[in-house]
Amino acid sequence: MLNENDTFSEAQRHDLIVFCTRLLNDFCATTAGIQSATIATFDGVTVASTVEGKTEGDKIAAMSSSISALAAALTREVKHSEPDRVLLESEDGRIVFIKVQAANAGLVFTAATDHTIVLGNLLWNCRSTTEKLARHMSKLLG
């Protein structure tokens, strides 16, 4: 998606990165309990991240991609449709991975939270964020 072999111009790549960075900052500012948020391609390339440090953001992007792919393979194996989201929970918090629902978007949104967040609020805000991204991607891909 953001690789050199894709159909995006340099201006479109820049636009997407700026939009995603702003979107993540808004998401974190308006959702209490968020520790970090990342948008990555299905092949694990970071588009934007609030994680401190490029290396850490790239690790989150790669793992998000891998977990999303593993979940898709598992659901295919049991004859279910591809999952829209994956939720991991521990006593320290939650991590949610949501596939961006836009034609040829090839993006996954990941949010990590502390234990205080209400699951319903988290899922609602994540879905709203991915819908905004999907609309922007639709405009970009025209």
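- D15 places no side-chain N or O within donor-acceptor distance of the main-chain N or O of A11, the cut-off being under 3.5 Å.
- Atom CZ of residue R135 and atom OG1 of residue T130 lie 9.5 Å apart, to the nearest 0.5 angstrom.
- Rounding to the nearest 0.5 Å places NZ of K139 at 7.5 Å from CZ of F19.
- Put simply, the side chain of T50 gets close to the backbone of A37: a donor and an acceptor are under 3.5 Å apart.
- Side-chain contact between I60 and S49 is absent, with no heavy atoms from C-beta onward closer than 4.5 Å.
- Checking side-chain atoms of S66 against main-chain N and O of A62 turns up a donor-acceptor pair under 3.5 Å.
- Rounding to the nearest 0.5 Å places NE2 of H136 at 7.0 Å from SG of C20.
- Within 6.0 Å of CZ on R85 lie no more than 12 heavy atoms contributed by other residues, nucleotides or ligands.
- Under the side-chain contact (heavy atoms from CB on, under 4.5 Å) criterion, T31 pairs with F27, I34, I117, N125, not counting sequence neighbours.
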I'd like to know whether H115 forms a side-chain contact (heavy atoms from CB on, under 4.5 Å) with E91, so could you lay out the CA-CA distance, the side-chain angles of the two residues, the decisive distance to 0.1 Å, and finally the verdict.
CA-CA 7 Å; H115 69 282; E91 66 182 47; over 6 Å; no
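- For S65 (side chain) and A61 (main-chain N/O), no donor-acceptor pair under 3.5 Å exists by modelled atom type.
- A salt bridge links R13 with E10: the distance from a Lys NZ or Arg NE/NH1/NH2 to an Asp or Glu carboxylate oxygen falls below 4.0 Å.
- Between Q35 and T113 there is no side-chain heavy-atom pair separated by less than 4.5 Å.
- Applying the 4.5 Å side-chain rule to ILVMFWY residues, one finds F42, I67, V86, I95, F97, V108 in the same cluster as L88.
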Using side-chain contact (heavy atoms from CB on, under 4.5 Å), reason through K132 and L23 one step at a time and then give a plain yes or no.
CA-CA 8 Å; K132 289 175 189 172; L23 189 65; 3.8 Å; yes
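- Between the CD1 atom in I98 and the OG atom in S64 there is a gap of 11.5 Å [rounded to 0.5 Å].
- The side-chain contact (heavy atoms from CB on, under 4.5 Å) check on L87 picks up E89, R94, V96, L119, with sequence neighbours excluded.
- No option in L24, T38, D58 other than T38 meets the side chain to side chain contact (heavy atoms under 4.5 Å, CB included) test with V51.
- Side-chain atoms of Q12 come within 3.5 Å of backbone N or O of L140 as a donor-acceptor pair.
- No donor-acceptor pair under 3.5 Å is formed between the side chain of T46 and the backbone N or O of A48.
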Please test D84 against R127 for side-chain contact (heavy atoms from CB on, under 4.5 Å), starting from the C-alpha separation and ending with a verdict.
CA-CA 10 Å; D84 293 328; R127 178 62 62 200; 3.9 Å; yes
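- In this structure, the side chain of T75 engages the main chain of A72 through a donor-acceptor pair within 3.5 Å.
- L16 contributes atom CG, which lies 7.5 Å from atom CD1 of I39 (distance to the nearest 0.5 angstrom).
- In the hydrophobic cluster analysis, where Ile, Leu, Val, Met, Phe, Trp and Tyr join through side-chain heavy atoms closer than 4.5 angstrom, L123 is grouped together with V100.
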